[in-house]
Amino acid sequence: MSTIENKSVEITKGINGLEKVILREIHGSSVEVYLYGAHVTSWKNEQGEELLFVSSKAIYKPPKPIRGGIPICFPQFSNLGPLETHGFARNRVWTIEPDPPAFPPNVNATNRVFVDLLLKPTEEDLKIWPHSFEYRLRVTLGPAGDLMLTSRIRNTDAKPFSFTFAYHTYFSVSDISEVRVEGLETLDYLDNLKNRERSTEQGDAITFESEVDKIYLSTPSKIAILDHEKKRTFVVRKDGLPDAVVWNPWDKKAKAIADLGDDEYKHMLCVEAAAIEKPITLKPGEEWKGRQELSAVPSSYCSGQLDPNKVLQSS
Ligand code: TA6
């Protein structure tokens, strides 16, 4: 019970009595994750500022997934298969691993706070997706307040299976019109607003003035989201997840989403580390690992000077 007895890890009741885990780091940053969906609903920096967007209309009631935070899309992204949109992992109740394995020896575990959540399919799940698996999600808060999500999915079945995946991260932004995404320039993408037609992005950083719903393919492992008004830059670092989805519903779509306020689209941006174009296939006994690491740093640099390597050195 190492993590659970630790004072920096608290298990408590959240909205509607749903269980959640709070991770606290000694300098003041924190993370909250609901067992319902293994859904991260809060990530705060040392100043206590919320870095993730969660809708004021979010419904914390199964089977509705929570609108905002970091939903886990597994074993299916969007409608790319027979399951409900984005698969079922986000509306199942996960369990806490009482005795999680230590970090591998090459990882400096000092001042890291973490919890491991587990998901195994029920008999009912096996009826809709007939593949046995063990999914372990490690949620880690690093000493500099970085949020790391590591998914390990193991095929415990007698036959291979394939899946698509995304960490559907909703970042909190001051004003979507003032935001720029760097790291996806000149890449190919599938446009969800045009039947997933394949196009190539222009050379400039991505800005927002209408609905965007794109799957960027084979992206670099680092993407930056620059919020000019907040003077804050989020850096997304990913591993095992070649694709990246960028989504903002804009005004019309926002009005059609019942659990999103009409104007809330202005304060959110989804940038999602994902594996979509080439589904992951696991043979019996095989394990897949997919990591997303988020950091938030003051934007002391601007366009053209972005060097996520430097930014990440401090973490
Ligand atoms: O990741 C983008 C996307 O697939 C969009 O097409 C949009 O519909 C969004 O996810 C939200 O999906 P949800 O099922 O949570 O309403």
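Fair warning: this is a prediction, and the values are worked out from it, not measured in the lab. Ligands are counted one by one from 1 in listed order, and the atoms in each one are counted from 1 as well.
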Which heavy atom of Glu201 sits nearest a heavy atom of Tyr216, and at what distance? OE1-OH, 2.6 Å
Residues around ligand 1, heavy atom under 4.0 Å from any ligand atom, sorted by chain and number. Can you pull those? Arg67, Phe77, Thr85, His86, Arg90, His168, Asp213, Val245, Trp247, Glu272
Examine Phe74 together with Phe133 and report whether their ring centres are nearer than 6.0 Å. yes
Could you pull out the closest heavy-atom pair between Gly290 and Leu241, with the gap in Å? C-CD1, 4.1 Å
Using side chain to side chain donor-acceptor pair (under 3.5 Å) as the criterion, list what pairs up with Ser221, not counting sequence neighbours. none
More than 12 foreign heavy atoms under 6.0 Å from CG of Asn195: is that the case here? no
Specify whether Phe234 and Phe171 have parallel, tilted or perpendicular ring planes, treating 30° as the upper limit for parallel and 60° as the lower limit for perpendicular. tilted
